[in-house]
Each structure stands twice: as structure tokens, then as C-alpha cells.
K.L.:
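Here it is, the structure, as C-alpha cells.
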Amino acid sequence: MNGILNCTIDELEKIFLNNGFSKYRAKQIFVWLYRFGSRTFDEMTNISKNMRDELTKMFYIYRPKVANVAHSRDGTIKFLFQLADLNTIETVFMPETKRNTICISTQVGCTVGCKFCNTGYNGFVRNLTTEEIISQFLAVKDYLHLWDTATERLSNIVYMGMGEPLFNYENVLKSMQNLMCDENEGISRRRITLSTSGIAPVIERLAKDLPCRLAISLHAPNDNIRSKIMPINNVYNIESILNACRTYSYYHKYLKITFEYLLLKDINDTDDCAHELIALLKNINAKVNLIQFNPWKGCSFTPSKKAQRFSAILQKAGLEAPIRARRGIDIMAACGQLQSHGREERI
Ligand code: SAH
Ligand code: SF4
């Protein structure tokens, strides 16, 4: 049996045509799956009984198991989802006044191994499938009963959970296609942000395939510092990333690129670093997001106390540079703190 959430609308149309069903049924089914959150084909009342029975034989509608839910004092909710093979992933729901954002994972673990990141420290297990990526969004809506209300209730998605999205490109792309899909009044590309450690050639592919908001985990103003904290910089250095960003901006001028900058005490938080960063981003349609380091056991970095000062220097030079609010600290749901629990640590 196939997981129907693994299919794009084009793929579903082809399958339907090959099985003697009308092509337009695919669009109707997408509405049921993504706008109403259907978990069975039986409830799809505008589809004939005969076709619903066939669909039930051909497809399943995937949801992960909710293994744990943690509520933070600030309203953030962290979900631990268990996948069919017993691996687990984390997804974070962050309510705000005007929007609600969900932070989703793309891999079990991560291969990139950034020195400050707990996910990277725990190693890599596997890529998530398309349905495992998408179903984090659907399962959170199930759990919080967000189906009856306007889609604005879960309005923004950030691909900023566990894993490097551009190392699982095909599945991430398909998941975004389905979540953005017009047929089911999907989420606008301006409300989806993909965060990457800077896989330059894939950033250029994304610019052509399916643009969305882009966030680059830069974290340093030069290669020397960046390579020390992000070994991937030895493969894709700052210049190659910025060139890819220029291509991205050339095609999509309206999508300002965010550069994430994690402030680490005495590593990248000096005034000189701020000035170097300003020079680096001079010709790019950029904004900087300053991130406070979230410590975790086993990591030797110290949070910087210079965030305000660093931000002021950038802003004086005309660069937007807010300090990102830390969400869900008390439940270990903040950036870089998400964990994967491999099979051997199953719950
Ligand atoms: N792999 C992607 C997306 C997931 S990481 C990427 O690296 O961009 C999401 C963000 O969390 C990245 O900007 C990452 O650098 C940041 N991050 C990782 N560890 C962190 C920590 N301990 N404290 C604060 N931010 C961290
Ligand atoms: Fe992977 Fe992102 Fe963590 Fe780096 S910061 S190890 S790329 S998840």
C-alpha cells in the first residue's frame, strides 16, 4: 500500500488516470487531506462509495504516533513523534499574537555536525519521507483541534527542526509543494521558511524549483571562525553560499534572505565581527537574526552577553538585526536542543 501523503497532486492524477478514475478527483482528495485533515477515505463524501473503497485498498493516510507532549510556560508545545520504525523526531508549536508557527524536522538526526548543535552531536539516523515531514503539520493540527478553524491558526512553517533540509531535498521539496498547494488553500511561500547550514548548489536548485523564505545559518563573519564551529564550511564556504544567495535574490527579489547568527562568547561576538558581518552582507537583500546560544550538557560554548551591543552595531549600519526570542527553553524546545532518540533508546 502507498502512503497518499507521499504523492504530489501531479503524481496522484497520474495514478488515478492509470486506474480508470477521473484526474480531477486528485484535487478533491487534496482538499480533504490538507484542508479538512481527513484520516479516512470514508469521510470524503463527494467521492463515490466505489472509489472510496478502492482508495482504501490502494492507500493509507499516515500519521505518526504522539509519544510525548511537553508544554512550556510561554505557550510553546513540543511534540515527540514516534515513526513506524520506532525512531522519534521532535516538532515544536509556537503560538504568537498574530500567527502560530510550527517548526518541523526533516531528518532523524543530522550529518552536518555543527559544534554547537545537540541534534548534530547525536549523529544521523536517516532522512524523513515526504509523509513523515508533512504529517508533523497535520498531526499537530489534529492534536490541537485546529481543523475547524481558519487556516491562519497554524499559519507559518519553519523547516528548522532536526536535520539539514537541503540534504533531504526531494522529500522536503515534495512536502513544501503539498503544503503550499493552491487546491487546498495551502500556506503561502512567504509563510514557509527553510533554514539551511548553507548547501550552496542546492540553494540554487531551490531558487528554480520552489522558492520560499530562506534562512542561512551563517554564524560567523569569515571562513576562519565558521570552519571552527561548522565543519561543513570546508565544503561550502561563505563565498559560495553568498553567491548562491545572490542567485536566489536575483530570481526572487521580494524574499529577503535571513542570516542567522548564533552569538557565542569570545568566538564570534566581538565588535570586529559585527563590522566584518556588515561588510560581508553589504550587497545582499538581507536581514540578520541574532540567536542566543542555548546550552546543552556536553557542549562547551558559553552564551554571549553582547547581543544588544552586536545588534546595535548592525542596526546603525542599516541592517535589520533583531534578537530572536527564545521559546520553550524550560522544555528543551529551543533551537539546537531538539533531540532524536534512535531505536535503541526507544520509549
Ligand atoms: N539544519 C538547519 C536547520 C535546523 S537547525 C540549519 O542548520 O539551519 C535550526 C537553527 O538552530 C540553526 O540556525 C542552527 O544553527 C541553530 N542552532 C543549533 N544549535 C543551537 C543552539 N545550541 N542554540 C541556538 N541555536 C542553535
Ligand atoms: Fe544539522 Fe542544523 Fe544542527 Fe548544524 S545546526 S548540526 S545543520 S541541525
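Start at 1 and go down the list; that is how both ligands and their atoms are numbered. Along the sequence shown, residues carry numbers from 1.
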K.L.:
I'd like to know if Asp53 pairs up with Lys49 as an ion pair, taking the criterion as any Lys NZ or Arg NE/NH1/NH2 lying under 4.0 Å from an Asp or Glu carboxylate oxygen.
P.N.:
yes
K.L.:
What atoms in ligand 1 come closer than 4.0 Å to a heavy atom of Asn294?
P.N.:
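That gives atoms 21 (C), 22 (N), 23 (N), 24 (C) of ligand 1.
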K.L.:
Does Glu260 approach ligand 1 within less than 4.0 angstrom via side chain, backbone, both or neither, non-hydrogen atoms only?
P.N.:
side chain
K.L.:
About how many Å separate OG of Ser22 and CE of Met51, when rounded to the nearest 0.5 Å?
P.N.:
7.5 Å
K.L.:
Under 4.0 Å from a heavy atom of Trp296: give me the atoms of ligand 1 that qualify, with their elements.
P.N.:
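Checking each atom against Trp296, I get 22 (N).
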K.L.:
Minimum distance, heavy atoms only, to atom 8 (O) of ligand 1: which one of Cys110, Ser105, Gly198, Ser217 is it?
P.N.:
Ser217
K.L.:
Counting only heavy atoms closer than 4.0 Å, does ligand 2 sit against the backbone of Cys117, its side chain, both, or neither?
P.N.:
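Cys117 to ligand 2: side-chain contact only, backbone stays beyond 4.0 Å.
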K.L.:
Quick one: does ligand 1 sit under 4.0 Å from the side chain of Leu262, the backbone, both or neither, non-hydrogen atoms only?
P.N.:
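The part of Leu262 near ligand 1 is the side chain, not the backbone.
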K.L.:
Answer yes when Glu13 and Arg25 have at least one side-chain N-carboxylate O distance shorter than 4.0 Å, and no when they do not.
P.N.:
no
K.L.:
If the contact criterion is a heavy-atom separation under 4.0 Å, does Phe301 count as touching ligand 1?
P.N.:
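No; Phe301 lies far enough from ligand 1 that no heavy-atom distance drops under 4.0 Å.
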K.L.:
Please identify which atoms of ligand 1 are closer than 4.0 Å to at least one heavy atom of Phe293.
P.N.:
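Per the distance check, 21 (C), 22 (N), 23 (N).
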K.L.:
With heavy atoms of Gly120 as the reference, note each atom of ligand 2 found under 4.0 Å away.
P.N.:
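Here the atoms of ligand 2 in question are 6 (S).
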K.L.:
Would you say the side-chain atoms of Asn222 and Asn224 include a donor-acceptor pair closer than 3.5 Å?
P.N.:
no
K.L.:
Checking contacts here: is it the side chain or the backbone of Met162 that comes within 4.0 Å of ligand 1, counting heavy atoms only? Could be both or neither.
P.N.:
neither
K.L.:
List the steps and the verdict of ring-ring contact (aromatic ring centres under 6.0 Å, His included) for His219 and Phe259.
P.N.:
CA-CA 8 Å; His219 304 329; Phe259 288 85; over 10 Å; no
K.L.:
Is the Tyr24-Phe16 ring centre distance short of 6.0 angstrom?
P.N.:
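Ring centroids of Tyr24 and Phe16 are no less than 6.0 Å from each other.
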K.L.:
Mind checking whether Ser217 has a heavy atom under 4.0 Å from ligand 2?
P.N.:
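No heavy atom of Ser217 comes that close to ligand 2.
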K.L.:
Please check if any side-chain donor atom of Thr40 sits under 3.5 Å from a side-chain acceptor atom of Glu43, or the reverse.
P.N.:
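There is such a pair (donor and acceptor under 3.5 Å, judged by atom type) between the side chains of Thr40 and Glu43.
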K.L.:
Please evaluate residues Leu128 and Gln136 with respect to the criterion side chain to side chain contact (heavy atoms under 4.5 Å, CB included), reporting the C-alpha separation (whole Å), side-chain torsions for both, the decisive distance (0.1 Å), and the verdict.
P.N.:
CA-CA 11 Å; Leu128 295 187; Gln136 296 171 60; 3.6 Å; yes
K.L.:
Could you list which atoms of ligand 2 come closer than 4.0 Å to a heavy atom of Gly113?
P.N.:
6 (S)
K.L.:
For side-chain hydrogen bond (donor to acceptor under 3.5 Å, both in side chains), just list the numbers for Ser48 and Asn50, CA-CA rounded to whole Å, side-chain angles, deciding distance to a tenth of an Å, and then say yes or no.
P.N.:
CA-CA 5 Å; Ser48 72; Asn50 174 40; 5.0 Å; no
K.L.:
Enumerate the atoms of ligand 1 whose separation from the nearest heavy atom of His219 is less than 4.0 angstrom.
P.N.:
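By the 4.0 Å cutoff, the relevant atoms are 13 (O), 14 (C), 15 (O).
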K.L.:
For the 3.5 Å polar cut-off, considering only N or O atoms, please tell me whether Asn118 and ligand 1 meet it.
P.N.:
no
K.L.:
Is a salt bridge present between Glu239 and Arg246, judged by a nitrogen-to-oxygen distance below 4.0 Å?
P.N.:
yes
K.L.:
Can you sort out which atoms of ligand 2 are near Ser197, meaning under 4.0 Å from one of its heavy atoms?
P.N.:
7 (S)
K.L.:
Among Ile257, Asn283, Ile284, find the one that has a side-chain contact (heavy atoms from CB on, under 4.5 Å) with Leu242.
P.N.:
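Going through the options one by one, the only one that passes is Ile284.
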K.L.:
For ligand 1, which atoms, with element, lie under 4.0 Å from some heavy atom of Gly161?
P.N.:
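Contacts of ligand 1 toward Gly161, numbered from 1: 4 (C).
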K.L.:
Among Gly163, Ser197, Cys117, which one puts a heavy atom closest to atom 1 (N) of ligand 1?
P.N.:
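It is Gly163 that holds the nearest heavy atom.
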K.L.:
Of Val112, Ile232, Thr119, Thr196, which has the heavy atom at the shortest distance from atom 7 (S) of ligand 2?
P.N.:
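Among Val112, Ile232, Thr119, Thr196, the closest heavy atom to atom 7 (S) of ligand 2 belongs to Val112.
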